[in-house]
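Dropping a structure here in structure tokens format, bear with me for questions.
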Amino acid sequence: MIARLSLRSAGRLLLIAGLICLTVGLPAFGWTARNDSDAFNKQVGWANIWAGSLAGVGLLLMLLSKNEHRNSDLDRRVISLAKAQRISHSRQLAQLLGTDALEARYAKVEFSTADARTGKPTPHARTAGSIDTIADFYRQKTSGRMLILGAAGAGKSVIGIKLLLELIDEVLAPGKMEGEEFKVPVIFNLTSWPSGKDFDAWLAEEISTRFRLAPAAARELVQDKRILPMLDGLDEMDNESEFPDRADWAVRQLNDYIATNAHEPVVVISRSGSEYYSRLRIRLRNLQAISIKPIGSKGVEKYIAEHCGPDALGAIQKELAQGTRKTRDSFFAAVSTPWRLAMTVGYMNSGSNPKNLIPTEGEDRPTFTARLNYMLYETFLSTRLRLAGCKDQRREDRARRYLSRIAHLLQSPKSDEQSSDIVLHEWWRRFGARVTAWQSRAALLAVVAPFNLPLDRLPLKGYTPNPDEGWISWAMPLANFSMMAVLAITTPYQVQRPLALNLSRFLSSTGILRISLLLIPATGIGYFFSYTTSSGLLGAGVGIGLFILLVSLLGGRTEATRDATSPHAPIRRDFVASGVYGLGMGIFMGAYTAEVLGSLTGLYFGIGYFLSMTVGFAAGRYFVATVMGPSVGLPLRLSSHLRWANHAGILRVSGVSYQFRHRELMAYLRANSVPPPQMPLPGPFGIPMQRVPKWIERMGRR
């Protein structure tokens with residue numbers, strides 16, 4: 001390890017020495033012989049030879065050491081991913097298990113082996129394990145490939161996160177790096193997998209966005225099989241009432257992946273039950289399936305006693321003793337999943353009468369289940385909202401209305417995104433269909449149209465084109481307006497991932513050298529413009545703008561995972577990065593046009609370039625989408641509301657996204673609220689606009 005580090009360090013030192021000779025030694029040697037042309041040529045020649053030789057040898061040594069460092073770099077990234085996931089999913093697990101606050105105690109969820117084609121336990125199958133032994137079962141019985149099945153609320157996500165955390169503990173175990181190569185498990189939500197995208201490419205894109213890794217580094221992790229994909233939400237890729245096109249396509253891709261990667265592990269999580277889910281399971285091959293069993297009566301009673309106390313359990317047992325066997329069976333069947341059991345505990349802890357949880361005389365099971373669902377969800381929501389600060393009914397109704405509208409947006413058939421995740425930097429796509437070609441053409445036409453008008457109607461000050469030169473005299477303003485229009489229209493659909501600046505790259509000795517090297521071309525080009533135009537302001541503006549652009553481009557090569565557990569981190573990073581990038585573009589182009597069109601028009605163009613760049617990136621798109629939010633019943637400060645809902649225990653954090661505490665909670669909010677009357681859709685410049693007439697939409701599709 002020491003030899004490899006020394007080789008790379010030596011190459012880096014030689015490369016830096018060569019660059020220093022070029023940037024410092026060359027001017028210094030030339031200055032000492034400025035009065036003697038022969039000596040000047042000799043000094044400059046030797047300076048170039050030394051600089052080129054040192055830099056060339058250093059670069060060669062760094063290239064030779066690149067492959068030697070490859071494995072250690074991959075191990076370092078794997079460990080960073082493991083640490084980030086452990087922080088994120090440990091809290092997520094506590095949120096899922098919590099009844100009134102974060103909780104570490106969980107119900108004893110058990111599972112048995114199952115037939116992947118039917119989703120049912122194999123004949124005479126005994127309990128294969130529990131949530132505490134899931135990692136041992138995975139290592140010993142599955143060859144790394146497992147399918148987790150269970151009913152809604154059965155604990156599939158809980159058992160999947162528990163497996164991930166135990167596997168991560170193995171990755172981070174002391175001395176692990178001294179052994180063989182190891183893989184880091186990562187949970188992916190299949191609902192974010194767009195149809196037509198290659199499986200490996202999608203994994204790399206998700207890792208790059210969620211963990212702020214460079215795209216090349218993420219691709220390297222995937223291609224070298226250092227990722228153990230845990231794929232959740234196969235049953236959520238389509239609506240159950242519709243034919244599952246996306247899910248069927250995903251199953252085919254997964255089967256191809258399994259067939260062509262014979263020894264690579266993979267975990268798939270899907271709901272079981274109806275024929276809809278059977279159509280998905282029956283196509284998955286070469287996976288060891290397990291089926292999560294309902295929690296038995298003893299497990300239910302133990303959980304209630306732990307979270308509510310023996311008195312509450314005694315009250316339940318007393319009511320059940322007065323009923324029939326059918327009454328007892330109906331109650332335990334209705335609360336036999338971890339999610340319903342957690343809501344039952346919340347209902348009892350809220351001071352409600354436990355007698356309401358028991359079927360009444362003559363009440364059949366469907367009627368009892370519907371009544372119980374209403375009581376549990378209403379009590380859950382009311383309790384959470386009150387604990388989070390809703391002191392009166394008006395505030396509670398408003399908060400519930402906001403949550404219901406978010407639930408409707410997540411399932412809108414007009415949306416580009418079908419995922420149930422709330423991702424802030426992709427929130428703008430929730431507002432409708434993708435921009436059609438006619439909208440982009442209309443936007444460009446609207447920007448260019450003013451140039452067909454007489455000059456005195458244009459808002460250009462300090463610029464008078466020569467009538468004898470014809471349309472050529474319009475080239476300067478027309479080119480700038482067209483460029484801003486193209487930037488504003490195309491950027492939102494080309495730049496998908498948030499920007500980021502890693503300022504720590506400039507706080508070291510190497511970073512100071514980088515900044516010094518960036519100053520050379522910026523200063524040179526600024527001086528050139530200043531000399532050719534005889535304008536110091538133009539030269540300074542061009543130089544400063546170019547320097548800011550170069551710094552933002554170099555600083556954008558960032559790699560970090562420490563903030564990959566915050567949904568707001570990508571927006572904050574993008575706000576800073578896009579602001580710096582837009583500032584550089586605005587100063588550069590504003591100073592350039594100011595010399596030709598006048599200072600006031602140059603200021604206008606500079607602001608225009610700044611806005612056209614920043615609005616097109618993630619922070620700008622999010623800002624525009626939130627401004628349009630109140631038109632469909634959303635809060636203006638969406639991020640604050642989501643943070644509050646997470647604090648209330650209604651939403652949970654999963655990496656860089658928010659999710660409803662449970663999918664059934666999202667479905668309940670949708671079923672008991674009115675959908676938005678109309679949905680805005682992204683219009684020109686990436687700005688959402690209200691629904692246009694149907695005949696115009698049909699024209700756009702032709």
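Nothing here was measured: the structure is a model prediction, and the numbers come from that model.
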Between D364 and T367, is there a donor-acceptor pair closer than 3.5 Å when you use the side chain of the first and the backbone of the second?
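Confirmed, D364 side chain pairs with T367 backbone.
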Looking at every non-hydrogen atom in both residues, tell me the closest pair between S90 and R86 and how far apart they are.
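Closest approach of S90 to R86: OG-O, 2.6 Å.
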Do L167 and E170 come within less than 4.5 Å of each other through their side chains, counting heavy atoms only?
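A side-chain contact under 4.5 Å exists here.
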Does L372 reach the side chain of L357, with side-chain heavy atoms less than 4.5 Å apart?
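Sidechains of L357 and L372: in contact.
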Got Y658 and R643 here, is their nearest side-chain heavy-atom distance under 4.5 Å?
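The answer is yes, as the side chains (C-beta and beyond) meet within the 4.5 Å cut-off.
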So do K108 and K298 actually touch side chain to side chain, heavy atoms under 4.5 Å?
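Heavy-atom side-chain distance check fails, nothing below 4.5 Å.
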Working to the nearest 0.5 Å, report the span between CZ of R139 and OG1 of T142.
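Here the interatomic distance stands at 10.0 Å.
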Might you confirm whether atom CZ of R637 has over 12 heavy atoms from other residues, nucleotides or ligands at distances under 6.0 Å?
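No.
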Residue pair G160 / I148: nearest heavy atoms and the distance that separates them
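Closest approach of G160 to I148: CA-CD1, 4.5 Å.
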Can you confirm whether S157 sits close enough to Q659 that some side-chain heavy atom of one is under 4.5 Å from a side-chain heavy atom of the other?
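No, side chains not in contact.
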As a quick check of understanding, evaluate side chain to side chain contact (heavy atoms under 4.5 Å, CB included) for L381 and L665, giving each step before the final call.
CA-CA 9 Å; L381 288 170; L665 175 59; 3.9 Å; yes
What pair of heavy atoms forms the shortest contact from L163 to M146, and how long is it?
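Shortest heavy-atom contact: CD2-CE, 3.7 Å.
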Scan the side chains in residues 323-340 for donor-acceptor partners under 3.5 Å anywhere in the protein, sequence neighbours excluded, and list what turns up.
{"from": "T324", "atom 1": "OG1", "to": "K326", "atom 2": "N", "distance (Å)": "3.4"}
{"from": "T324", "atom 1": "OG1", "to": "T327", "atom 2": "N", "distance (Å)": "3.3"}
{"from": "T324", "atom 1": "OG1", "to": "T327", "atom 2": "OG1", "distance (Å)": "3.2"}
{"from": "S330", "atom 1": "OG", "to": "K326", "atom 2": "O", "distance (Å)": "2.9"}
{"from": "S336", "atom 1": "OG", "to": "A333", "atom 2": "O", "distance (Å)": "3.0"}
{"from": "T337", "atom 1": "OG1", "to": "G153", "atom 2": "O", "distance (Å)": "3.4"}
{"from": "T337", "atom 1": "OG1", "to": "R340", "atom 2": "N", "distance (Å)": "3.4"}
{"from": "W339", "atom 1": "NE1", "to": "Y377", "atom 2": "OH", "distance (Å)": "3.1"}
{"from": "R340", "atom 1": "NH1", "to": "N373", "atom 2": "OD1", "distance (Å)": "2.3"}
{"from": "R340", "atom 1": "NH2", "to": "N373", "atom 2": "OD1", "distance (Å)": "3.2"}

Donor-acceptor contact below 3.5 Å, side chain D421 vs main chain V423
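Flag not set: sc D421 to bb V423 has no pair under 3.5 Å.
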Check: R395 side chain, R386 main-chain N or O, donor-acceptor pair, under 3.5 Å:
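Side chain of R395 to backbone of R386: no pair is present.
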Would you compute the distance between atom OG of S404 and atom OH of Y668 and round it to the nearest 0.5 angstrom?
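Here the rounded value is 9.5 Å.
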Do I406 and H641 come within less than 4.5 Å of each other through their side chains, counting heavy atoms only?
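Yes - at least one pair of side-chain heavy atoms lies under 4.5 Å apart.
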Should V266 and L287 be marked as a side chain to side chain contact (heavy atoms under 4.5 Å, CB included) after you check the CA-CA gap, both sets of side-chain angles, and the distance that decides it?
CA-CA 9 Å; V266 63; L287 296 174; 3.9 Å; yes
Quick one: does R661's side chain get under 4.5 Å of R384's, heavy atoms only?
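They are in contact (side-chain heavy atoms under 4.5 Å apart), so the answer is yes.
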Working for side chain to side chain contact (heavy atoms under 4.5 Å, CB included), residues I292 and L149
CA-CA 6 Å; I292 300 177; L149 301 172; over 6 Å; no
Distance check, rounded to the nearest 0.5 Å: R371 atom CZ versus T360 atom OG1?
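One finds 5.5 Å between CZ of R371 and OG1 of T360.
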Hey, do the aromatic rings of H647 and W644 have their centres closer than 6.0 Å?
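Distance test on ring centres: not under 6.0 Å, no.
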Give the C-alpha distance, both sets of side-chain angles, the deciding distance and a yes or no for side chain to side chain contact (heavy atoms under 4.5 Å, CB included) between K141 and T113.
CA-CA 10 Å; K141 304 292 185 182; T113 57; over 6 Å; no
Residues, nucleotides or ligands: over 12 heavy atoms within 6.0 Å of E361 CD:
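No, because the 6.0 Å sphere around CD of E361 holds 12 heavy atoms or fewer from other groups.
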Taking side chain to side chain donor-acceptor pair (under 3.5 Å) as the definition, give me every residue that meets it alongside R401, ordered by chain and number, with sequence neighbours left out.
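For R401 there are no side chain to side chain donor-acceptor pair (under 3.5 Å) partners, ignoring immediate neighbours.
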Shortest non-hydrogen contact from I295 toward V300
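I295 and V300 have their closest heavy atoms at CG2-N, 3.8 Å.
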Just verifying a value: how many Å separate S382 OG and L387 CG, rounded to the nearest 0.5 Å?
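It comes to 10.5 Å.
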Distance-minimising heavy-atom pair for I134 and K162
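Reported closest heavy-atom pair: CG2-CG, 4.1 Å.
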Check: D232 and F188 side chains under 4.5 Å, non-hydrogen atoms:
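A side-chain contact under 4.5 Å is absent here.
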Would you name the heavy atoms of Y347 and T379 that are closest together and state the gap between them?
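For Y347 and T379, the tightest heavy-atom pair comes out as CD1-OG1, 3.2 Å.
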What's the separation between atom CG in L424 and atom OG in S639, rounded to the nearest 0.5 Å?
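Atom-to-atom, L424:CG and S639:OG are 6.5 Å apart.
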Ignoring hydrogens and geometry, is there a side-chain-to-backbone donor-acceptor pair from E396 to L385 under 3.5 Å?
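No, because the side chain of E396 does not come within donor-acceptor range (under 3.5 Å) of the backbone of L385.
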Kindly compute the distance separating CD1 (I290) from CZ (F111), expressed to the nearest 0.5 Å.
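These two atoms lie 5.0 Å from each other.
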Hey, is the main chain of G144 close enough, under 3.5 Å, to the side chain of Y138 for a donor-acceptor pair?
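Checking the backbone N and O of G144 against the side chain of Y138, a donor-acceptor pair under 3.5 Å is found.
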